[in-house]
Amino acid sequence: MLSFIDFFKNKVSNLILQGAKSCMSDKEFLEKEIARWKNSPQRIMQIKSSLYYENEHDILKQQRTMIGEGGKLQIVENLPNNHIIDNQYAKMVNQKANYLLGKSFVVKGKNTEYTEVLNKVFSKHFMKTLKNGGKAALNGGIAWLYPYYTGAGELAFRLFPSYEILPFWKDSEHTVLDFAVRLYLVTGYEGTTPKMIEKVEVYDLQGIHKFILDGETLVPDVSMEEDFEHPYVTITGENGEIIGLNWQKIPLIPLKYNDSEIPLLKKVKSLQDGINLMLSNFENHMQEDSRNTILVLKNYEGTNLGEFRRNLATYGAVKVRYDGETKGGVETLQITINAENYKIILEAFKKALIENAMGYDAKDDRLSGNPNQMNIQSMYSDIDLDANDMETELQAAFEEILWFVNAHLFNTGRGNFEGEKVDIIFNRDILINETEAIENCAKSMGMLSDETVVEQHPWIDDPKEEMERLKKQKEEEQAEFERQQGYNPFQQAGRAGNQPGKSPPKKEGDPGEGEKV
């Protein structure tokens with residue numbers, strides 16, 4: 001069994017800084033890279049994005065404070081401390097992912113055999129994985145698809161979130177992957193005590209190399225098997241022996257939200273936190289009634305303030321001294337809460353969040369009444385521009401996906417489709433004025449082909465299938481017309497005595513040629 005250093009001395013040697021020279025081994029280099037990346041701001045933001053999507057926001061850790069001695073803030077535990085979450089961020093992620101990937105994409109190509117095979121590979125399960133990959137890319141800036149074989153021998157794709165993968169690129173544009181490291185957690189046992197174990201997998205052209213991260217040290221993972229090096233694919237030979245095979249490319253396909261791999265949360269986190277804080281503070285202030293707000297006491301008949309609070313909470317009343325010149329009473333000291341101010345701030349935050357996330361407001365005033373298509377397109381302009389960037393990255397990802405699909409089809413004897421050109425067309429889920437769109441389609445008949453008009457019709461999901469239906473309908477109508485014509489008594493009589501292209505036989509007394517009737 002080859003050592004870790006033997007496998008990687010040609011793999012990562014070009015990545016080691018020249019200043020380190022021979023002082024740092026390849027194993028040490030990877031250990032330091034993992035340690036640096038593990039707590040890096042980039043990965044922390046990717047993890048926080050996933051938490052924010054799942055309603056785990058920073059507001060949950062918010063505490064009420066007061067100015068104490070020396071002007072320092074001190075935590076106050078006896079005041080209302082609500083944690084209200086209005087998850088506009090998750091709404092934007094779902095909106096943008098469903099806008100581009102909510103509907104099934106269409107595969108178009110000249111080779112119908114190839115497109116039919118691809119439609120089987122890109123099943124409903126793949127569509128679901130791709131949409132989830134879009135959400136993961138929005139959360140982390142990038143997500144990863146891993147092609148693998150199921151137990152039934154079918155090609156499938158698994159999704160890895162951004163915070164699990166540390167990529168090592170060959171180029172500065174992040175287009176060619178040299179190798180990658182995957183860090184993930186599993187639950188194990190130390191005796192009978194549950195324990196979280198950090199596992200590391202290194203993906204390169206030689207296969208998968210499995211390790212356990214013990215602190216900051218990589219230890220080969222041979223707990224379950226004799227070898228820590230595994231091929232990507234295993235098949236059973238004719239004699240029953242297990243044969244390991246590897247892809248000619250690293251089987252990790254990047255799904256990028258944008259070319260800079262910036263998570264969506266990085267653009268809107270402060271606005272989302274502001275929305276949560278405003279709602280929480282508003283409820284806090286509304287709950288600060290006479291039993292927990294600041295009170296001013298005058299000539300209170302009691303021993304201490306704790307007793308006063310207890311009597312107030314228990315009986316809703318307190319005793320004060322009011323005799324002669326000594327006048328007692330209780331007054332509140334509080335700040336008047338203007339609900340309208342909170343409403344204005346919340347509306348401003350939500351509008352700013354939608355604009356910065358490049359989404360759209362489904363409650364936009366432009367949708368009131370009967371909006372025309374220009375108003376709708378104006379409302380969708382931001383999300384459409386952002387979707388263009390994301391679609392460009394996904395089209396590049398599909399080139400990698402098709403490479404693995406073509407290799408799978410060739411290896412399983414289903415055909416050699418290398419070099420075949422296909423187009424992946426995403427159906428964006430955009431609101432339209434159907435009446436206006438249908439009218440435009442009707443006006444285009446005769447100017448454009450029927451297929452082009454059908455593709456633009458708002459009621460059509462599969463233009464090819466609809467064209468087949470139209471063809472079948474016309475054939476049935478023609479057959480019915482011919483059937484009805486066959487029962488025409490005048491036509492039958494004409495057929496009995498006449499032949500096409502010939503005049504009927506001349507009868508006695510009929511005028512001859514040139515004679516007038």
Side-chain angles (χ1 to χ4, degrees), residues 1-50 136-137 139-146 158-186 196-223 227-230 232 246-247 249-257 259-263 266 400:
M1 181 174 64
L2 295 178
S3 68
F4 177 89
I5 297 178
D6 291 329
F7 264 99
F8 288 96
K9 65 182 180 180
N10 294 325
K11 178 59 59 181
V12 300
S13 58
N14 61 322
L15 298 175
I16 300 178
L17 298 176
Q18 293 182 355
K21 294 184 178 180
S22 60
C23 298
M24 182 187 295
S25 68
D26 298 327
K27 177 176 179 293
E28 292 172 337
F29 167 77
L30 277 184
E31 289 170 347
K32 291 186 177 297
E33 284 294 301
I34 293 173
R36 183 179 61 86
W37 164 73
K38 186 177 175 181
N39 297 312
S40 65
Q42 178 186 8
R43 185 169 183 264
I44 291 174
M45 177 58 71
Q46 292 170 343
I47 295 174
K48 189 173 286 292
S49 297
S50 297
N139 281 328
I142 187 173
W144 301 86
L145 284 182
Y146 172 67
R158 182 180 177 186
L159 180 64
F160 291 152
S162 56
Y163 54 82
E164 285 190 0
I165 301 296
L166 169 59
F168 290 85
W169 303 93
K170 287 185 177 181
D171 58 336
S172 59
E173 289 80 15
H174 291 189
T175 57
V176 182
L177 193 62
D178 193 9
F179 69 102
V181 174
R182 181 184 176 217
L183 173 65
Y184 61 101
L185 298 174
V186 297
M196 298 304 297
I197 300 174
E198 291 183 307
K199 293 209 171 188
V200 172
E201 295 176 350
V202 181
Y203 297 81
D204 69 354
L205 294 178
Q206 283 73 44
I208 306 175
H209 312 274
K210 299 186 177 183
F211 302 88
I212 293 176
L213 188 62
D214 185 8
E216 295 186 358
T217 304
L218 289 173
V219 180
D221 186 4
V222 293
S223 56
D227 199 350
F228 72 102
E229 300 149 3
H230 305 268
Y232 293 112
N246 288 318
W247 299 101
K249 287 186 176 182
I250 308 298
L252 285 174
I253 303 167
L255 303 176
K256 297 183 180 181
Y257 166 42
D259 57 346
S260 301
E261 303 169 18
I262 299 175
K266 197 170 184 179
E400 297 296 316

key: Minimum heavy-atom distance Glu400-Ile253, with the two atoms named   = CB-CG2, 3.8 Å

request  = Could you tell me whether the side chain of Glu31 and the main chain of Leu218 form a donor-acceptor pair under 3.5 Å?
outcome  = yes

note = So CD1 of Ile47 and CD of Gln42: to nearest 0.5 Å the spacing works out to 11.0 Å

ask   = So do the side chains of Tyr257 and Ser162 get within less than 4.5 Å of each other, counting heavy atoms only?
value = no

Verdict with supporting geometry, Arg43 and Lys38, side-chain contact (heavy atoms from CB on, under 4.5 Å) = CA-CA 7 Å; Arg43 185 169 183 264; Lys38 186 177 175 181; 3.9 Å; yes

ask   = Does Leu185 reach the side chain of Ile197, with side-chain heavy atoms less than 4.5 Å apart?
value = no

message = For Val200 and Val181: C-alpha separation, side-chain torsions, deciding distance, then whether side-chain contact (heavy atoms from CB on, under 4.5 Å) applies.
response = CA-CA 7 Å; Val200 172; Val181 174; 3.6 Å; yes

query = If every non-hydrogen atom of Leu252 is compared with every non-hydrogen atom of Ala180, which pair is closest and at what distance?
reply = CD1-CB, 3.5 Å

query = Taking the six-membered ring for Trp, are Tyr146 and Tyr203 parallel (under 30°), tilted (30 to 60°) or perpendicular (over 60°)?
reply = perpendicular

From OH (Tyr184) to CD1 (Ile165), nearest 0.5 Å = 10.0 Å

query = Taking the side chain as C-beta and beyond, is there a heavy-atom pair between Leu255 and Leu145 under 4.5 Å?
reply = yes

task = Test Phe168 against Glu33 for side-chain contact (heavy atoms from CB on, under 4.5 Å), laying out the working first.
result = CA-CA 10 Å; Phe168 290 85; Glu33 284 294 301; 4.1 Å; yes

ask   = Atom CD1 of Ile142 and atom CG of Asp259: how far apart are they, to the nearest 0.5 Å?
value = 11.5 Å

inquiry  = Once rounded to the nearest 0.5 Å, what's the spacing between atom CG of Asp204 and atom CG of Asp178?
reply    = 9.0 Å

request  = Could you check Leu177 against Trp144 for side-chain contact (heavy atoms from CB on, under 4.5 Å), going step by step and ending with a plain yes or no?
outcome  = CA-CA 12 Å; Leu177 193 62; Trp144 301 86; 4.2 Å; yes

message = Less than 4.5 Å apart, side chain to side chain, heavy atoms only: is that true for Leu30 and Phe179?
response = yes

key: Partner residues of Asp214 under the side chain to side chain donor-acceptor pair (under 3.5 Å) criterion, sequence neighbours left out   = none

inquiry  = Within this structure, what is the OH-CD distance for the pair Tyr232 and Gln206, rounded to the nearest 0.5 Å?
reply    = 8.5 Å

Side-chain heavy atoms of Leu205 within contact of Ile250, under 4.5 Å = yes

ask   = Should the heavy atoms of other residues, nucleotides or ligands under 6.0 Å from NZ of Lys266 be counted, would the total exceed 12?
value = no

key: All side-chain contact (heavy atoms from CB on, under 4.5 Å) counterparts of Ser260, not counting sequence neighbours   = Asn258, Ile262

query = Which heavy atom in Ala137 sits nearest to a heavy atom in Lys256, and how many Å separate them?
reply = CB-C, 4.3 Å

note = In this structure, CG of Asp221 is separated from CG of Leu213 (nearest 0.5 Å) by 11.5 Å

